[in-house]
2 protein chains.
Amino acid sequence: MTKTKTKKGATALPLNTILNGDCVDAMNALPAESVDLIFADPPYNLQLRGDLHRPDNSQVDAVDDAWDQFASFDAYDLFTRDWLKAAQRLLKPNGAIWVIGSYHNVFRVGAAMQDAGFWILNDVVWRKSNPMPNFRGKRLTNAHETLIWASKGEGAKYTFNYEALKALNEGVQMRSDWVLPICTGHERLKDDKGDKAHPTQKPESLLHRVLLGTTNPGDVVLDPFFGTGTTGAVAKMLGRDFIGIEREVAYRKVAEKRLAKVRKFDREALQVTASKRAEPRVPFGQLIERGMLRPGEELFSMNKRFKAKVRADGTLVGGDHRGSIHQVGAALEGAPSCNGWTYWCIKRDGKPISIDVFRQQIRAEMAERPN
Amino acid sequence: MTKTKTKKGATALPLNTILNGDCVDAMNALPAESVDLIFADPPYNLQLRGDLHRPDNSQVDAVDDAWDQFASFDAYDLFTRDWLKAAQRLLKPNGAIWVIGSYHNVFRVGAAMQDAGFWILNDVVWRKSNPMPNFRGKRLTNAHETLIWASKGEGAKYTFNYEALKALNEGVQMRSDWVLPICTGHERLKDDKGDKAHPTQKPESLLHRVLLGTTNPGDVVLDPFFGTGTTGAVAKMLGRDFIGIEREVAYRKVAEKRLAKVRKFDREALQVTASKRAEPRVPFGQLIERGMLRPGEELFSMNKRFKAKVRADGTLVGGDHRGSIHQVGAALEGAPSCNGWTYWCIKRDGKPISIDVFRQQIRAEMAERPN
DNA sequence: CCGACACCTGAATCGTCAT
DNA sequence: CATGACGATTCAGGTGTCG
């Protein structure tokens, strides 16, 4: 596995290797300006308090590892500024960096990146298609994570494969929000006991898009928080060289085993990101938020037998019934079910129109600029 | 337009008014702990270099106003920490704050919020359904902005209308990514010359979701960067009071004109799907006192695995366990907790019914004859 | 081999009130 | 302020078993 390559007289790089130890020390031991891309998935500094149970009473397996514990925001900032400084030194002048985080840490990381001189090119939102819900109903479902993409400094060049990403996105410019599922099933690595090998393994589809879009074949990609080696695996598939740094022996072992199995140009890997979209679901509430319908307005049924009033949260009140457009329609008709979209009408310019017309308008907008 | 309301002897608030001047001075002139929600859309500190042209050589009307210019990150940080401190002072203990930004400023703002003691509840991605493309093809389409929602501090309470947002989203939990169009068409305010009145006018749909989800009717909402008054307009529609602060006379004028035209939704429409948590508590013992259940009767669990006997004091005996309906349910299931109301059933006319039905009967009576 | 269904799981800052 | 009782709360998708 260990190979080295000599770059025109410079110190040899430990390519396609996982280095042991602290990431700052390991980075500082490598030659300056020798790496094309850094992908970093640092600890998020989640500050979890007690246990959390699902409504079915099963317990959520929390991220409570020692490596995610910091005494304070200040301690986390010191840690962050340290490794970012080492990363700055290591990048080639035209290199770039990606960092992923959540609201717990990403604001501090982003500010530290700007302070370290990195020039932010985009922030990218990874919208999870299957996130864990908010079981207590106390907040919004935390359904995304944020990636920051930055060049080495203001005015620095960087690699951006515009056409490749456009092609990945069915011919339209790739946007800053990416819908991808979390890492589950057979892709999720297990340890000897059958438990997950790492609490926060990232999906290969995410790294595929990052590396395809912002590196070239033969580039050197460094991951200072290598974990189970998703960055290395995708780099190998795509014909890039990688350097991993990981201090936990258990993660290194799993990563070594994983990487040994990876073959370059795995066709399956290229299919991971391709996803077909069904007709998008439009919540009725959007018609109110967008001002297409006003709270307090009156709908009437297609057969003109019933009326109902729209409320600000997208529910209806009709007779004694309140609920969704479907529920109230079904209740009034005494039917087991009802498609509220085609059941309810409203007067516009004196003429009755189906509320489904508004849904079609929204879908048309979405179709114009998909994903 | 100018109204005031006196809060139990405290200084009167200038409700439903646009205050002139610097937002920090204006906030500091208001009484401490007097505001339920702050919505802030501060300058983004866009660092645009030179003019931007579309492929057809038409020029993009960029944000180049003086109020968006800062000499350095440090200057922007000072400005940010200043107004956040004033905002902290102004919020009621159970108040909350929303701040919107882009990658240019949101990381610095988020870090400053954490440093000021705010406790982040969610970051929310406003995914624009119709963003401006990246004309040069050098980066990803910047298709989103980020909102940060935070309570006044760790452990502080906050308003969250879970059921209303769930209703808005067709019955599934609202997520942290919101798809909404940018402000265009008739909603986009124009000045006398027909140009857009403000470079970054936010859509009303965005504020609708924020205010519906995290305030109650009658709450006081303050916007220290009022602009053309989207926050005020939606607050007025939704029956909330607002206070705006805006130092540019041109924006104030546009906002005044806009607000005069806004009508409040009718009272019934503002009723929103309520949470069960708000319903009155019914002691299980009342079912026995009222003769709905008789001591000695046998309950069985929803899953039919366990039985328990009702005692005269409203406790149960099941297996070796005795105690409340919740305690016995949890003990029998070996679960950390159990909602006895939905767990236990009883036979009536040969059919199993949930004991929660009896609670609902009592609650319905209480609603008819309050006190 | 297929469909139905039960079961499991995911970077989570996930109560409130009375005593 | 600590403690304990009450009781509210989940979505998408994969895996594996059974008939």
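Protein chains get the first letters and strands the later ones, always in sequence-line order, with residue 1 at the start of each. Just so it is clear, the structure is predicted and the values come from calculations on it, not from any experiment.
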Checklist entry - Is the phosphate of D:dG7, meaning OP1 or OP2, less than 4.0 Å from a side-chain N or O of B:H326? => result yes
Checklist entry - Think A:R108 forms a cation-pi with A:F73, using NZ or CZ under 6.0 Å from the six-ring centre and within 45 degrees of its axis? => result yes
Checklist outcome for this item: Among D:dA8, D:dC6, D:dT10, the one nearest any side-chain atom of B:Q327 is D:dC6
Next on the checklist: Counting the atoms with a prime plus P, OP1 and OP2 as sugar-phosphate, which does A:P42 contact under 4.0 Å by heavy atoms, base, sugar-phosphate, or nothing?
Outcome noted: base
Item to check | Residues from residues 131-150 of chain A lying under 4.0 Å of DNA chain C - heavy atoms | outcome: A:P131, A:M132, A:P133, A:N134, A:F135, A:R136, A:K138, A:R139, A:N142, A:E145
Next on the checklist: Of the listed nucleotides (C:dA11, D:dC6, D:dT9), which one gets closest to any side-chain atom of B:Y162?
Outcome noted: D:dT9
Item to check | Nucleotide C:dA12, atom P - distance to CD of B:Q173 in whole Å | outcome: 13 Å
Checklist entry - Starting at CD1 of A:I182 and ending at C1' of D:dC11, how long is that distance when rounded to a whole Å? => result 10 Å
Next on the checklist: Tell me the interatomic distance from B:K166, atom NZ, to D:dT9, atom P, rounded to whole angstroms.
Outcome noted: 8 Å
Checklist outcome for this item: Note, DNA chain D 5' to 3' with Watson-Crick or G-U pairs under 3.5 Å encoded as ( ), [ ], | and . gives .|||||....|||||||||
Next on the checklist: Both A:P55 and A:H186 contact DNA chain D. Which one's nearest nucleotide lies toward the 5' end?
Outcome noted: A:P55
Checklist outcome for this item: Looking only at heavy atoms, the pair that brings B:L147 and B:W126 closest together is CD1-CB, 3.9 Å
Checklist entry - When you check the phosphate oxygens OP1 and OP2 of D:dG14, does a side-chain N or O of A:T184 lie under 4.0 Å from one of them? => result no
Item to check | Ring centroid separation A:W67 to A:F225 under 6.0 Å | outcome: no
Item to check | Interatomic distance, B:D356 CG vs D:dG7 C1' [rounded to whole Å] | outcome: 10 Å
Checklist entry - B:E170 CD to D:dA12 C1': how many Å, rounded? => result 17 Å
Checklist outcome for this item: B:I97 and B:M113 have their tightest heavy-atom pair at CG2-CE, 3.8 Å
Checklist outcome for this item: Heavy atoms of B:F300 and B:P352 approach each other most closely as CZ-CB, 3.5 Å
Next on the checklist: What's A:S129 touching, base or sugar-phosphate or nothing? Going by heavy atoms closer than 4.0 Å.
Outcome noted: sugar-phosphate
Next on the checklist: Could you check whether A:H104 and A:Y44 have their ring centres less than 6.0 Å apart?
Outcome noted: no
Checklist entry - Just wondering, more than 12 heavy atoms not from A:D192 lying within 6.0 Å of its CG? => result no
Checklist entry - With no hydrogens and no angle check, do the side chains of B:S324 and B:H326 hold a donor and an acceptor under 3.5 Å apart? => result no
Checklist outcome for this item: Here the residues of residues 190-203 of chain A within 4.0 Å heavy-atom distance, strictly under, of DNA chain C are A:K196, A:P199, A:T200, A:K202
Checklist entry - Choosing from D:dG7, C:dG10, C:dA12, which nucleotide comes nearest the side chain of A:R54? => result C:dG10
Next on the checklist: Categorize B:I325 for me: base, sugar-phosphate, or nothing, with a 4.0 angstrom heavy-atom threshold over every strand shown.
Outcome noted: nothing
Next on the checklist: My understanding is that only one of A:D123, A:D177, A:T146 makes a side chain to side chain donor-acceptor pair (under 3.5 Å) with B:H144; could you say which?
Outcome noted: A:D123
Checklist entry - Within this structure, what is the CD-to-P distance between A:E187 and D:dG13, rounded to whole angstrom? => result 15 Å
Checklist entry - How about B:W344 and B:D356: do any of their side-chain heavy atoms sit closer than 4.5 Å? => result no
Checklist entry - Any chance the rings of B:F160 and B:W149 have centres within less than 6.0 Å? => result yes
Checklist entry - Hey, does B:G340 reach any base, or is it just sugar-phosphate, or nothing, if we go heavy atoms under 4.0 Å? => result nothing
Next on the checklist: Run B:W119 and B:Y158 through side chain to side chain contact (heavy atoms under 4.5 Å, CB included) and show every step you take.
Outcome noted: CA-CA 11 Å; B:W119 193 248; B:Y158 54 91; over 6 Å; no
Checklist entry - What does A:D41 touch in the nucleic acid at a heavy-atom separation under 4.0 angstrom: a base, only the sugar-phosphate, or nothing? => result base
Checklist entry - If you check the A:R188 side chain, which of D:dC11, C:dA11, D:dA8 turns out closest? => result C:dA11
Checklist entry - Looking at C:dA12, D:dA8, C:dC17, which one has an atom nearest to any side-chain atom of B:R359? => result D:dA8
Checklist outcome for this item: note: B:Y343, atom OH; D:dT9, atom C1'; distance rounded to Å ~ 18 Å
Item to check | Distance below 4.0 Å between B:R277 side-chain N/O and D:dG7 OP1 or OP2 | outcome: no
Next on the checklist: Please confirm whether the shortest side-chain N or O distance from A:N130 to OP1 or OP2 of D:dG13 is below 4.0 Å.
Outcome noted: no
Next on the checklist: Using a 4.0 Å heavy-atom cut-off, does B:E163 contact any base of the nucleic acid, only the sugar-phosphate backbone, or nothing at all?
Outcome noted: sugar-phosphate
Checklist outcome for this item: note: A:D56, atom CG; C:dA6, atom P; distance rounded to Å ~ 14 Å
Checklist entry - At under 4.0 Å between heavy atoms, what does B:C338 touch on the DNA or RNA strands: base, sugar-phosphate, or nothing? => result base
Checklist entry - Can you say whether the rings of B:W98 and B:W178 are parallel (under 30°), tilted (30 to 60°) or perpendicular (over 60°)? => result tilted
